[in-house]
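Written out below as structure tokens is the structure these notes cover.
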Amino acid sequence: MTRRPAILLISTGGTIAMTARTEGAGVAPTLDAGALAAAAPGLAARAGIIPVAFARKASSSLTPEDVVAVAALVRARLTAGEADAAVVVQGTDTIEETAFVLALLLAPQLRVAVTGAMRPPEAPGADGPANLLAAAAAALAPEAAGLGPLVVLNDQIHAAALARKASTTLPSAFASPGAGPLGVVAEGEAWFALRPAAAPPTLDRLLGLPEGTALDRLAAGGDWPAVALLRVGLGDDGRLLAAAPSLGFAGVVLEGAGAGHVPAAMAGTVGAVAAVMPVILASRAGAGPVFSRTYGYPGSEIDLLGRGAIGAGMLDGLKARLLLQLLLRLGAGPEAVRAAFAAFARPGAAPGA
């Protein structure tokens, strides 16, 4: 007799768990994992559900400590054999960030899907139940092993390193710029059309640590270094960047224009700040890598990298900020930080290959 699979369902809040307050006061998180599972027709028939009500927060209020705790919970319960896969339910505002952190912390062979909803349960066309069913299908699929945590919404399956929220309102809000989704969910089953050339890199691999060490260290507690995320605009004079060291930041991620460019007048500031803390150069464009060897004028990527900035590779500013914060939290020095970001910059390979 075939054993019935089990899913660890962890709820943290978000639109998918929100119901109306008083008239005109909007919606707020009220539903837990058990209520979400009960509202998804067919979910219980597919697998045994182990509900965990982790939190009831809007995802913009989730913290790095929350994500580390979720990662530790997933690892403990899955490696103990209590469940075959995990589905993490949260608000869509920060799914691209939390899924990326989970991918950095969890062994890629653990099957995990992160999902949410663009419409609350009481709205016409609420998408939460369908997204939950699709996430369960993706997480339970044998092909999910080795891919690391997946982002699953609107019947599309995205890699955590590439997923990004691209709309404030559409159910099809999530995309994977430059690559597209790994697959889709159709007729209740996950169909994987693409597979990255290599497993996503974990912090353990990036820092040369035994598997599970980074998560153990982070879960043990400690202060989180502050990392600034700054977007460069036309005529930017760099005063915010210049102020970063005096404001207590331990590093800066700079979203440059195009392939990673800033106004010429700002280039000196980049070099001055890079001399005292890591400055990661990302792009504000939304798709494509930061360049490293094409443009050579003052303020170009060649100029800025020569002044000590570190290229973010394929990572956007949001993900680059989290990676830098995690690296600094684990005590990584300048060379280890540079090597970690280099793992996301290899041409022609999957991110992190």
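As the structure is a prediction and not an experimental result, all values here were calculated from the model. Position 1 is the first residue of the sequence; numbering continues from there.
A 4.5 Å side-chain heavy-atom check between Leu230 and Val253 finds every atom pair outside the cut-off. Side-chain contact between Val227 and Pro278 is absent, with no heavy-atom pair separated by less than 4.5 Å. Counting heavy atoms from C-beta outward, Ile157 and Val185 have side chains that approach closer than 4.5 Å. The shortest side-chain heavy-atom distance between Val52 and Leu9 does not fall under the 4.5 Å cut-off. Phe100 has its side chain out of reach of Thr94: every pair of non-hydrogen atoms, C-beta onward, lies at least 4.5 Å apart. Two residues are said to be in side-chain contact when any heavy atoms from C-beta on lie closer than 4.5 Å; Val184 and Phe192 fail this criterion. Residues Arg56 and Asp32 are in side-chain contact: their nearest non-hydrogen atoms beyond the backbone lie under 4.5 Å apart. Arg119 has its side chain out of reach of Thr15: every pair of non-hydrogen atoms, C-beta onward, lies at least 4.5 Å apart.
Here the side chain of Ser167 pairs a donor or acceptor atom with the backbone of Thr169 at under 3.5 angstrom. In this structure, Arg284 contributes its side chain and Ala257 its backbone to no donor-acceptor pair below 3.5 Å. In this structure, the side chain of Gln325 engages the main chain of Pro225 through a donor-acceptor pair within 3.5 Å. Arg195 contributes a side-chain N or O that, together with a main-chain N or O of Glu143, makes up a donor-acceptor pair within less than 3.5 Å. Checked by atom type and distance alone, the side chain of Ser59 pairs as donor or acceptor with a backbone atom of Gly91 at under 3.5 Å. Using a distance-only test at 3.5 Å, with no hydrogens or angles considered, no donor-acceptor pair links the side chain of Asn154 to the main chain of Gln156.
For His261, the ring-ring contact (aromatic ring centres under 6.0 Å, His included) test picks out Tyr295, Tyr297, with sequence neighbours left out. For Glu255, the salt bridge (Lys or Arg N to Asp or Glu O under 4.0 Å) test picks out Arg231, with sequence neighbours left out. Judged as a side-chain hydrogen bond (donor to acceptor under 3.5 Å, both in side chains), and not counting sequence neighbours, the contacts of Lys57 are Asp66.
Taken to the nearest 0.5 Å, the CG atom of Leu203 stands 5.5 Å off from the CG atom of Leu105. Taking NZ of Lys319 as the start and CZ of Arg164 as the end, the distance is 7.0 Å to the nearest 0.5 Å. Between the CD1 atom of Ile280 and the CG atom of Leu324 there is a distance of 5.0 Å, given to the nearest 0.5 Å. For the atom pair CG of Asp204 and CG of Leu106, the computed distance is 10.0 Å after rounding to the nearest 0.5 Å. Taking CE of Met118 as the reference point, atom CZ of Phe174 lies at 7.0 Å (rounded to 0.5 Å). Within the model, atoms CG of Leu209 and CG of Asp216 stand 10.5 Å from one another, a figure rounded to the nearest 0.5 Å.
The environment of Trp191 atom CH2 is sparse: at most 12 non-hydrogen atoms of other residues, nucleotides or ligands sit within 6.0 angstrom. When the shell of 6.0 Å around CZ of Phe291 is examined, it contains 12 or fewer heavy atoms from other residues, nucleotides or ligands.
Shortest non-hydrogen contact noted between Leu305 and Gly311 is CD2-N, 3.5 Å. For Gly146 against Ala199, the heavy-atom pair with the smallest separation is O-CB, 3.7 Å. Nearest heavy atoms, Leu241 versus Val273: O-CG2, 3.5 Å. The two residues Leu78 and Ala83 have their closest heavy-atom pair at CD2-O, 3.4 Å. Between Pro51 and Ala33, the closest heavy-atom pair is CB-CB, 3.7 Å. When all heavy atoms of Gly116 and Asn131 are compared, the closest pair comes out as O-ND2, 2.9 Å.
Cluster annotation: Leu327 and Val68 are assigned to the same hydrophobic cluster (Ile/Leu/Val/Met/Phe/Trp/Tyr, side-chain heavy-atom contacts under 4.5 Å, transitive). The hydrophobic clustering, which links ILVMFWY residues whose side-chain heavy atoms are closer than 4.5 Å, places Trp224 and Val252 apart. When hydrophobic clusters are built by joining Ile, Leu, Val, Met, Phe, Trp and Tyr residues whose side-chain heavy atoms come closer than 4.5 Å, directly or via intermediates, Ile10 is not grouped with Val89. Under a hydrophobic clustering in which Ile, Leu, Val, Met, Phe, Trp and Tyr are joined whenever their side-chain heavy atoms come within less than 4.5 Å, directly or via other members, Leu330 and Val67 fall into the same cluster. Follow the hydrophobic side-chain contacts under 4.5 Å out from Leu31 and you reach Leu133 in the same cluster.
Residues Glu96 and Lys165 are not paired through a salt bridge, judged by the lack of any N-O separation under 4.0 Å between the basic side chain and the carboxylate. A salt bridge between Asp84 and Arg3 is present, with a side-chain N of the basic residue lying under 4.0 Å from a carboxylate O of the acidic one.
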Determine, stepwise, if the pair Ile7 / Ile50 fulfils side chain to side chain contact (heavy atoms under 4.5 Å, CB included).
CA-CA 6 Å; Ile7 293 176; Ile50 305 172; over 6 Å; no

Going through the checks in order, is the salt bridge (charged side-chain N to carboxylate O under 4.0 Å, His left out) test met by Glu189 and Arg46?
CA-CA 11 Å; Glu189 301 296 332; Arg46 184 179 194 98; 3.5 Å; yes

Given the rule in the side chain to side chain contact (heavy atoms under 4.5 Å, CB included) test, do Val101 and Leu326 qualify, once you have shown the distances and angles that lead to the verdict?
CA-CA 9 Å; Val101 173; Leu326 287 163; 4.2 Å; yes

Full working for side chain to side chain contact (heavy atoms under 4.5 Å, CB included) between Arg75 and Val112:
CA-CA 10 Å; Arg75 183 184 66 178; Val112 182; over 6 Å; no

Determine, stepwise, if the pair Leu8 / Val87 fulfils side chain to side chain contact (heavy atoms under 4.5 Å, CB included).
CA-CA 6 Å; Leu8 182 69; Val87 172; over 6 Å; no

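Side chains of Thr98 and Gln90: a donor-acceptor N/O pair is present below 3.5 angstrom, by distance only.
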